[in-house]
Visitor: 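Once you've had a glance at the structure underneath, I'll fire off some questions.
Whatever order the structure lists them in is the order used to number ligands and atoms, beginning at 1. In this text, all values refer to a predicted model and were calculated from it rather than measured experimentally. The basis for the numbers below is simple: all heavy atoms, side chains too, and nothing from hydrogens, waters or symmetry mates.
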Amino acid sequence: MDLCEARKLDAKHVFGTYGRLPVMLVRGRGVYVYDSEGNRYLDMLAGLSVNALGHCNKRVADAVKKQIVTLSHVSNLYYTEPMIHLARRLNEISGMKKCFFGNSGAEANEAAIKLVRRYHSQILRDGRNEIICMKNSFHGRTMLTVTATGQDVYKKGFDPLPPGFKHTPMNDLGALEKKITGKTAAVMVEPVQGEGGVYPATKKFMKGLVSLRRKHGIELIFDEVQCGLGRTGKWFAYMHYGVKPDVMTLAKPVAGGLPMGVMLARGKVVKGFAPGSHASTFGANPVVSAGALAFLDEMREKQLVEYAGNIGNYFMSELSGLKEKRPEIKELRGLGLMIGIEMDADAKKAADFFLENGVLVNAVKPNVLRALPPYIINEKHIDLFVKLLDEFLETQ
Ligand SMILES: Cc1ncc(COP(=O)(O)O)c(C=O)c1O
C-alpha cells in the first residue's frame with residue numbers, strides 16, 4: 001500500500017481523531033524508522049515516550065516471540081508466572097507494594113482514582129472522594145481521566161463530566177492548600193507535565209506535597225505515565241525530588257512497545273481494592289508481561305537509566321549553547337530525555353522542517369517543540385537535532 005492509498009482508506013474507514021502527518025511508517029530498527037517510500041527518519045519522539053529501547057529491540061522481540069507460542073492469553077482468574085515476576089520487579093525498583101495491570105496510561109490513572117476513592121469509601125468511611133489535579137495536566141482520554149486533566153481543550157463536547165475533581169496551578173502550594181477541604185481524598189500530579197508543554201514540578205512544591213499529605217491525611221498520586229521508567233535519568237521522576245507517592249501510574253515504555261498500564265501503590269491505601277473491585281481482561285497477559293520483563297532486563301543490563309540522564313544532560317547543554325546564539329529560543333525545560341523547547345516561532349512548522357530533514361519530533365504546543373528520544377540515542381543524533389533546529393531558526 002502506498003501513502004496515497006493509505007490516506008484514502010484511512011479517511012474512509014478510521015475516525016479522524018488524529019491530525020496525521022503525510023508519512024506511512026513501515027518498519028523500525030534502533031533509533032530509526034522507515035517509511036513506505038524507503039526514507040529513513042531519526043525517531044526523536046519514540047512513539048510518544050514508548051520506544052525507550054528504540055525500535056524492535058532484540059531482547060524484547062525474542063521474549064515476546066517465545067511467550068506467544070507458549071501461553072499467549074488466559075483470564076486473570078488464573079495465576080500466570082510472567083505477571084507475578086513483573087509485579088515483584090516493578091515493586092522492587094519503585095519501592096511500591098502492589099501492582100494493578102491494565103492496558104494504557106488512562107486505565108492506570110482510572111485505577112489510581114478508583115483505588116483512592118474506594119479506600120476512603122469502604123475502609124476509612126470518611127466521605128472523602130475529591131481529587132485535586134493540576135491545571136495544564138494531562139491524565140488520559142477516558143471520561144474520568146479527561147476530567148482529571150487540567151486542560152479544557154480535551155473536555156469540550158463531553159458533558160456531563162463526572163464530579164469530584166478540582167484544579168489548581170502546579171508549583172503553587174498556597175493555592176493548592178486553599179482547595180483542600182474535608183472532602184479531599186488525594187492530590188494528583190505529573191512530576192513533569194508532558195502534554196502540558198514539558199513543565200517539571202519544583203522541589204519546593206513536591207516537598208510541600210508531603211507536608212500537606214501529613215497535615216490533611218490525603219494521598220499523593222503521581223502520574224509517571226510519560227516521565228517514568230528511566231526517561232528523566234532516574235527510574236522514576238519522583239526520585240529527583242526525594243518524595244515518594246502513595247500511588248503511582250506507569251504505561252508507555254513499560255512493556256517494550258506493547259500496550260500496558262500499571263497502577264502501583266504502597267501503605268494503607270492498598271486496602272482500597274478487594275476481590276471484584278477492579279479488573280481488566282488483558283491486564284498483564286503473559287505476552288505483554290514477557291515484553292515488560294525483557295524491557296526491565298535490557299534497562300538494567302545496558303544501564304540505560306544512568307545513560308538517559310547523562311545523554312539528556314548533553315542534549316540540554318547543546319541546546320543551551322544554541323539558545324545563547326538564537327534569541328528565538330525562549331526557554332528550555334525538562335529533565336533527562338524529556339525536553340521542551342519554547343520558541344518565538346511556530347513549533348508545528350519546526351516539526352515539519354525536521355520531518356522533511358528526516359527527524360521525527362513533535363509540537364506539543366503551538367510554540368513548544370518536544371523531544372522524547374529513545375534512551376539509546378548518542379551525541380551524533382543530538383548534534384544533528386541541534387543543527388537542524390539552528391537551520392530552522394535561521395529561516396524564521
Ligand atoms: C502523563 C500522562 N498520563 C496519561 C496519559 C494517557 O496515556 P494513554 O494514552 O496510554 O491512555 C498520557 C498520554 O500521553 C500521559 O502523558
Side-chain angles (χ1 to χ4, degrees), residues 15 17-20 45-52 94 100-116 131 133-151 153-155 158 165 167 170 186-201 206 220-232 236-238 240-241 245 247-264 280-284 288 291-292 295 333-340 360-365 368 370-373:
F15 273 113
T17 56
Y18 301 99
R20 293 199 212 280
L45 193 57
L48 274 169
S49 206
V50 170
N51 302 101
S94 67
F100 175 86
F101 294 100
N103 314 288
S104 66
E107 274 182 84
N109 286 332
E110 286 267 342
I113 295 162
K114 287 180 75 176
L115 176 77
V116 165
I131 316 287
C133 305
M134 301 301 118
K135 288 190 176 159
N136 201 41
S137 60
F138 184 83
H139 298 297
R141 303 288 199 136
T142 61
M143 287 303 281
L144 212 52
T145 56
V146 88
T147 309
T149 290
Q151 300 181 65
V153 59
Y154 297 110
K155 308 185 192 203
F158 298 120
F165 294 89
H167 294 87
M170 186 151 96
V187 172
M188 188 162 175
V189 178
E190 294 161 81
V192 185
Q193 289 186 338
E195 299 309 294
V198 190
Y199 287 93
M206 295 294 265
L220 298 182
I221 305 171
F222 288 175
D223 177 343
E224 296 228 9
V225 164
Q226 188 166 142
C227 63
L229 291 160
R231 176 148 300 279
T232 65
F236 303 99
Y238 78 75
H240 289 277
Y241 297 93
V247 183
M248 176 170 71
T249 55
L250 304 173
K252 302 231 185 233
V254 67
L258 298 182
M260 174 180 273
V262 196
M263 184 275 288
L264 307 94
S280 164
T281 297
F282 284 110
V288 282
F295 164 75
R333 297 189 290 267
L335 262 183
L337 286 177
M338 188 169 178
I339 292 178
L360 306 185
V361 62
N362 122 289
V364 65
K365 294 282 165 193
V368 183
R370 173 178 51 171
L372 295 165

Visitor: Check each of A106, A108, S137, C227 against atom 6 (C) of ligand 1 and report the one with the nearest heavy atom.
Guide: A106
Visitor: Just to confirm, does any protein heavy atom lie below 4.0 Å from atom 8 (P) of ligand 1?
Guide: yes
Visitor: If we ignore angles and hydrogens, is there a donor and acceptor under 3.5 Å between the side chains of T145 and N109?
Guide: no
Visitor: Got the closest protein heavy atom to atom 14 (O) of ligand 1, with its distance?
Guide: K252 NZ, 2.9 Å
Visitor: Would you verify whether the NZ or CZ of R141 falls within 45 degrees of the ring axis of Y154 while also being under 6.0 Å from that six-membered ring's centre?
Guide: no
Visitor: Test your reading of the structure: does G105 have an N or O sitting under 3.5 Å from an N or O of ligand 1?
Guide: yes
Visitor: Rounded at 0.5 Å granularity, tell me how far NE2 in H139 sits from CD1 in I221.
Guide: 8.5 Å
Visitor: Under a 4.0 angstrom heavy-atom cut-off, which atoms of ligand 1 come close to S104?
Guide: 10 (O), 11 (O)
Visitor: Number the atoms of ligand 1 from 1 as they appear, then name those within less than 4.0 Å of a heavy atom of E190, with their elements.
Guide: 1 (C)
Visitor: Could you state the interatomic distance from CG (L48) to CG (N362), rounded to the nearest 0.5 Å?
Guide: 5.5 Å
Visitor: What I want to find out is whether E195 reaches R370 closely enough, with some N-O distance under 4.0 Å, to be called a salt bridge.
Guide: yes
Visitor: For T142 and E110, which I'm curious about, is there any donor-acceptor pair between the side chains at under 3.5 Å?
Guide: yes
Visitor: At what distance is the nearest protein heavy atom to atom 16 (O) of ligand 1, and which residue and atom is it?
Guide: Q226 NE2, 2.8 Å
Visitor: When you look for heavy atoms under 4.0 Å from ligand 1, do you find them on the side chain of A251, its backbone, both, or neither?
Guide: neither
Visitor: Under 4.0 Å from a heavy atom of D223: which atoms of ligand 1 are those, numbered in the order shown and with their elements?
Guide: 1 (C), 2 (C), 3 (N), 4 (C)
Visitor: As an exercise, identify every atom of ligand 1 less than 4.0 angstrom from a heavy atom of N109.
Guide: 3 (N), 4 (C)
Visitor: Can you see which heavy atom on C133 is nearest to which on F165, and at what distance?
Guide: SG-CD2, 3.9 Å
Visitor: Kindly compute the distance separating CG (L144) from NZ (K114), expressed to the nearest 0.5 Å.
Guide: 9.0 Å
Visitor: Checking contacts here: is it the side chain or the backbone of H139 that comes within 4.0 Å of ligand 1, counting heavy atoms only? Could be both or neither.
Guide: backbone
